[in-house]
Amino acid sequence: MKRLSLLAGILALLFLLTACIPPLALPDDPDIEHARAACADLQPQHAHTTCIIEQATATINPDICRLLGIAVDDMCLQAVYEAADDPTICGQLYLKGVISTCRVYYADPNHTPGLFTPTPWPISVEAEAIMAVGQPRSHAAYYSPNGKWRAEVIIYDCVTVADEGEMSYEQLKLISTSNGKETIFYEQLINCGGLGAFGLEGRGWSDDSQMFDFSDAREGVPDGMGDWQPSVYRFEVATRRVERLDSMEELGTVAYVLDGDIWLKRLPDGEAQRITEDGVNHSPTWSYSGQRLAFRKLDSQLWVYSLAENQATAVESGAPVNFFAWSPTEDRLALNIGSGVTHLRLWAAEKAESTILLTPDPNAQPRRPTWSKDGEWLAYEWSRYDPAAKKLFEEIRILSANGGEPTTLLSADMLEQGSLQIGGWSPQGDQLLFWYGPRPIDSFLPDAIDLMLLPVDPTSTLAPRLDSGDISWWFIGDIASAPPASAYGSQNAVAVTAGGGPPWTNKRIALANQALTPGDQVAIQPAWSPDGESLAYSGMPDPGEVDLESGEEALWQRRIWLIDSDGESDPWPITADPAYRDEYPQWSTDGTRVLFARVDTKNEASLWLLPTVGGAAELLVPKISLIHPPSHSLQQIEWQKSFDWYR
């Protein structure tokens, strides 16, 4: 996904800046007064901003941009000079910086119109023939709740078109009620002698007047179809984008915690289903097939819910499970189980039976079994006491998921050399990521330790090496392996959160020893797009070294950002509502949407979905429980304990 400079810039500023920024001095201009009246009281803020930019581009009057706050009006001016398609407009701009960019723009012989200059709908030859002899009539009009827009179905009745027989033609137009400006955003050619479903029909506006839903099948039924529902489309005013809503139906299922119970919801608008009732559950985790859900009951018990059977079963009869992980290729769990002397087991969900994978050792403890990408191997940590040497060693081992003898890949004297902790497998499955740092003393963890890469082949001559510099311990879950089939996946690329110190400063998204995000931004929680071309993350301005109270306050500026993984463009935000703190972005399988979590000023959390190319965020789950509120552990929220998304 490559950033379109004007689109991304406008979206960034539509969301980022609010009405609290003072406007520039306004000249006495009737166009300005008209724009002020046309856009008055539009909410949310990005709708007001969009309206002002459209007014400015419609009249090619850059002074209308003065109605916007500073740092927003420069993007408005850019939209105006691109809409003008006239280099003399540069001399009419009131910001020196934009004047220079305007001149650079027109110096490029390949410059193109801006976002807010609507490209005329391409009228087909048949439609032109119908319009030349037919008379348009209004079939239906649909007014937006704010009264600023009218969506109207225009029909040209059947006429004879050469070589095509009798045909009719319909349009859907967006019409500004303030100045009558029209934009065609959908059309339909209809064979008057044919069968099937046809005709445009409005389904209604969104409450914020930014979305209009419509159908392309007002009457009739497709030939041979029995139980059939017409397709529904959504038109977005700000971007002039039309999307078929059928494509939004395959968004999977989210499992979430609410008041200690586990709930399931099909996205985007399925009915929520409660699957526990005792109020002591957390950490829902989907299986490979999406037909089973593992979750914690209390702190140590593990249960698995079967969607097919609509019931939950205690794993290992409720014995303490210290760590669990689903196989990436089948519904099978790797378990670190027991108290005191622990051991590794594999639990087959189909039979609800387990087998011992590793014989217990009274002098050793296995930890964190981690599946390889192909589900054939498990890596795990092995803490071993050597009675003869009277030393404690930490090792990283691998073991076949089918059993057999383990192989030790790395060993360290814990007291003298430090601790080892597995971070996951590389995209190609030939290396392990692990942290290597000082031994924790009195439960204190250093705020930054090294992340290393370790070859899985024990015969390899490659030594463990540093991947991306200091990795903050507080963000130890912030490792994102590139999709294996992508270009970056083939290079074993891993995105991480790098940097030490408190969570409100000195954090960056790093890739291949290079920081992707700018130094004046605190960036965490990287997430790859399915094609590997982009990353989403949670970012905020870096306040620097401030006290605890100021630092915690700064965290409420976290927003969801996107950046190209090649690092050749600046990042841009896709959320900016000041009423929320936005975190933990996750991509839909088609790469067109990002699901993310929000926390409001009352510490109440919710789940939202947002198109990556612009548009309003959609509330999916109005409330989920935070297992640890933001006041816990230096404001870090363990989102994995609150919800999981199967898609």
Side-chain angles (χ1 to χ4, degrees), residues 3-120 148-149 174-183 210 237-240 570 572-573 576 614:
R3 180 187 178 197
L4 300 176
S5 61
L6 179 58
L7 172 60
I10 288 175
L11 290 175
L13 293 171
L14 294 185
F15 287 102
L16 185 62
L17 297 170
T18 67
C20 63
I21 300 175
L24 299 174
L26 300 178
D28 184 12
D29 186 325
D31 284 345
I32 293 178
E33 292 307 312
H34 184 277
R36 191 202 304 273
C39 303
D41 302 324
L42 270 181
Q43 295 294 333
Q45 183 64 32
H46 70 79
H48 176 267
T49 305
T50 299
C51 179
I52 294 297
I53 296 177
E54 289 191 323
Q55 292 289 326
T57 54
T59 58
I60 313 298
N61 186 342
D63 282 336
I64 292 177
C65 297
R66 297 176 185 268
L67 290 169
L68 299 173
I70 57 174
V72 180
D73 60 335
D74 60 352
M75 202 56 64
C76 175
L77 290 175
Q78 181 179 349
V80 171
Y81 72 63
E82 292 190 12
D85 202 21
D86 179 0
T88 63
I89 191 68
C90 300
Q92 302 175 37
L93 308 180
Y94 57 84
L95 293 179
K96 292 182 179 179
V98 184
I99 292 173
S100 62
T101 58
C102 177
R103 289 170 177 164
V104 170
Y105 170 79
Y106 281 106
D108 180 1
N110 298 316
H111 63 264
T112 56
L115 170 65
F116 285 91
T117 305
T119 302
K148 305 297 181 182
W149 306 103
L174 178 72
I175 303 172
S176 170
T177 57
S178 62
N179 59 18
K181 183 179 179 181
E182 299 182 354
T183 301
Q210 290 301 298
V237 172
T239 63
R240 304 296 195 263
D570 295 332
W572 64 99

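Values in this document were obtained by computation on a predicted structure and should not be read as measured data.
Side-chain contact between Ile53 and Leu68: present, with at least one pair of heavy atoms (C-beta onward) separated by less than 4.5 Å. Contact annotation: the side chain of Glu182 never approaches that of Leu174 to less than 4.5 Å [non-hydrogen atoms, C-beta and beyond]. Inter-residue side-chain proximity for Cys65 and Tyr94 is flagged as met; some heavy-atom pair is nearer than 4.5 Å. With contacts defined as side-chain heavy-atom distances shorter than 4.5 Å, the pair Asp73/Leu95 qualifies. Gln55 places a side-chain heavy atom less than 4.5 Å from the side chain of Cys39.
The main-chain N or O of Lys148 is found under 3.5 Å from a side-chain atom of Thr177 such that the two form a donor-acceptor pair.
Atom CD1 of Ile64 sits about 8.0 Å away from atom SG of Cys76, to the nearest 0.5 Å. Taking CG from Leu77 and CD1 from Ile89, the interatomic distance works out to 9.0 Å, rounded to the nearest 0.5 Å.
A donor-acceptor pair shorter than 3.5 Å cannot be found between the side chains of Tyr81 and Asp86.
Closest heavy-atom contact between Tyr105 and Glu82: CZ-CG, 3.5 Å. Minimum interatomic distance between Thr57 and Glu54 (heavy atoms only, all atoms of both residues): OG1-O, 3.1 Å. Nearest approach of Ala56 to Val80, heavy atoms of both residues: CB-CG2, 3.6 Å. Tyr106 and Cys90 make their closest contact through CD1-SG, 3.9 Å (heavy atoms, listed as atom of the first residue, atom of the second, distance).
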